[in-house]
Amino acid sequence: MDGKSLTVKDRTAILSNLDSSGIFVTCGRQNPNIMVTHWGTLGKLWGRDVFTLPIRSNKYSYQIVTKTKSFALNVPARDMRREISLCDTISGFNRNKFEALNLHPKRARTIEAYILGECGLIVECNVIAMISPESVAELAAGLPLGETAHTLFVGEVADVYRLR
């Protein structure tokens, strides 16, 4: 199915991959990057389908998503645990992860980013809110804050589609 709404099948695929191997997140078009997320939240906010993506402020993807206000979830269509594991060890500051992981970028349909041709389900998101670690410090007592704390990027689903 193509469109802006997540189906039950889409939600199941996203959540099961988060619980198992993780999901690729792509961002940027001029200097694109790939990261992996192993957690996030999926749901409705203000009547919209959203995915809340945590990114540490010292990561290359943080700089890109902050600038472009968009990101894409790339849910693997096959076992990509090897690529996911390697992606977690390579810095986007130093290397082109698409080349390093032998992954094939394709232009996203609605956002300023590339997506992964090897993945099946693509969810393009526009950032509608950013939640700083400091703003939730009191509520998140005991969680690590500071330079390596996560900012939460609330992304409204702009497009959902399958490549295969």
Side-chain angles (χ1 to χ4, degrees), residues 1-7 9-42 48-131 150-164:
M1 173 180 180
D2 286 5
K4 286 180 63 170
S5 297
L6 292 167
T7 65
K9 182 179 178 182
D10 298 336
R11 291 175 185 279
T12 301
I14 293 166
L15 294 174
S16 66
N17 275 273
L18 280 176
D19 285 342
S20 60
S21 58
I23 294 175
F24 291 105
V25 177
T26 52
C27 55
R29 190 176 291 157
Q30 287 184 321
N31 296 302
N33 195 44
I34 308 169
M35 63 174 264
V36 172
T37 189
H38 300 278
W39 53 284
T41 58
L42 178 65
R48 305 170 184 184
D49 282 332
V50 296
F51 184 84
T52 303
L53 174 67
I55 307 176
R56 293 178 191 259
S57 61
N58 61 350
K59 300 295 183 183
Y60 186 49
S61 291
Y62 176 89
Q63 291 180 5
I64 296 171
V65 174
T66 299
K67 180 180 177 185
T68 65
K69 303 287 190 263
S70 62
F71 61 88
L73 304 177
N74 299 259
V75 182
R78 61 176 172 79
D79 183 356
M80 296 183 77
R81 286 179 286 193
R82 180 186 157 282
E83 291 89 344
I84 286 172
S85 181
L86 286 172
C87 189
D88 275 343
T89 65
I90 300 169
S91 171
F93 284 114
N94 304 323
R95 291 182 70 187
N96 178 322
K97 290 187 184 183
F98 290 94
E99 290 175 5
L101 299 169
N102 195 30
L103 296 173
H104 301 91
K106 293 181 176 226
R107 264 187 113 151
R109 296 196 317 194
T110 62
I111 63 170
E112 187 181 335
Y114 286 95
I115 59 166
L116 299 177
E118 289 78 7
C119 290
L121 174 63
I122 306 297
V123 181
E124 297 181 16
C125 297
N126 288 307
V127 174
I128 58 173
M130 289 173 53
I131 303 167
H150 292 86
T151 295
L152 303 176
F153 291 88
V154 180
E156 178 182 8
V157 173
D159 203 357
V160 180
Y161 51 97
R162 293 185 183 275
L163 295 178
R164 302 171 197 263

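Heavy-atom basis, side chains included; hydrogens, waters and symmetry copies ignored.
Between Ala72 and Ile115 the shortest heavy-atom distance is CB-CG2, 4.0 Å. Nearest heavy atoms, Lys97 versus Ile34: NZ-O, 2.8 Å. In plain terms, the two heavy atoms of Ser5 and Asp49 that are nearest each other are CA-OD2, 3.6 Å. Contact record, Gly92 with Asn33: CA-OD1, 3.3 Å, taken as the closest heavy-atom pair. When all heavy atoms are compared, the tightest approach of Pro54 to Gly40 is CD-CA, 4.1 Å. Of all non-hydrogen atoms in Arg109 and Glu124, the two that sit nearest each other are N-OE2, 2.6 Å.
In this structure, a donor-acceptor pair under 3.5 Å is present between the side chains of Asn74 and Thr26.
Within the 4.5 Å cutoff, no side-chain heavy atoms of Ile55 are placed close to those of Thr37. Using a 4.5 Å cut-off on side-chain heavy atoms (C-beta onward), His104 and Phe98 make no contact. The shortest side-chain heavy-atom distance between Met80 and Leu103 falls under the 4.5 Å cut-off. Ile14 places a side-chain heavy atom less than 4.5 Å from the side chain of Leu6. Residues Phe51 and Leu73 form a side-chain contact, since some pair of their non-hydrogen atoms from C-beta on lies under 4.5 Å apart. Put simply, the side chain of Asp10 does not reach to within 4.5 Å of the side chain of Val123, judged on heavy atoms.
Distance alone, capped at 3.5 Å, is enough to place a donor-acceptor pair between the Arg29 side chain and the Ile111 backbone. A donor-acceptor pair under 3.5 Å is formed between the side chain of Thr66 and the backbone N or O of Tyr62. Between the side chain of Thr89 and the main chain of Leu86, a donor-acceptor pair closer than 3.5 Å is present.
Atom CD1 of Ile23 sits about 9.5 Å away from atom SG of Cys119, to the nearest 0.5 Å. If you take OG on Ser61 and CZ on Phe71, they are separated by 11.0 Å, rounding to the nearest 0.5 Å. Going from atom OG of Ser20 over to atom CG of Asp79 covers 9.0 Å, rounded to the nearest 0.5 Å. Summarising the geometry, atom CG belonging to Asp19 is positioned 12.0 Å from atom NE2 belonging to His38; distances are rounded to the nearest 0.5 Å. Expressed to the nearest 0.5 Å, how far CG of Leu15 lies from CG of Leu42 amounts to 5.0 Å. Once rounded to the nearest 0.5 Å, the distance linking CE of Met35 with CG of Asp88 reads 8.5 Å.
More than 12 heavy-atom neighbours from other residues, nucleotides or ligands sit within 6.0 angstrom of CZ on Arg11. For Lys59, the NZ atom sits in a loose shell: 12 or fewer heavy atoms of surrounding residues, nucleotides or ligands are nearer than 6.0 Å.
The aromatic rings of Phe93 and Tyr60 lie tilted to each other, with the angle between the two planes from 30° to 60°.
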Legend entry - Step-by-step salt bridge (Lys or Arg N to Asp or Glu O under 4.0 Å) determination, Arg78 to Glu83: CA-CA 11 Å; Arg78 61 176 172 79; Glu83 291 89 344; 3.7 Å; yes
Inset, instruction - Apply side chain to side chain contact (heavy atoms under 4.5 Å, CB included) to the pair Asp159 and Ile122, showing each step before the final yes or no. - result: CA-CA 8 Å; Asp159 203 357; Ile122 306 297; over 6 Å; no
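The only member of Val127, Val25, Leu152 that meets side-chain contact (heavy atoms from CB on, under 4.5 Å) when paired with Leu53 is Val25.
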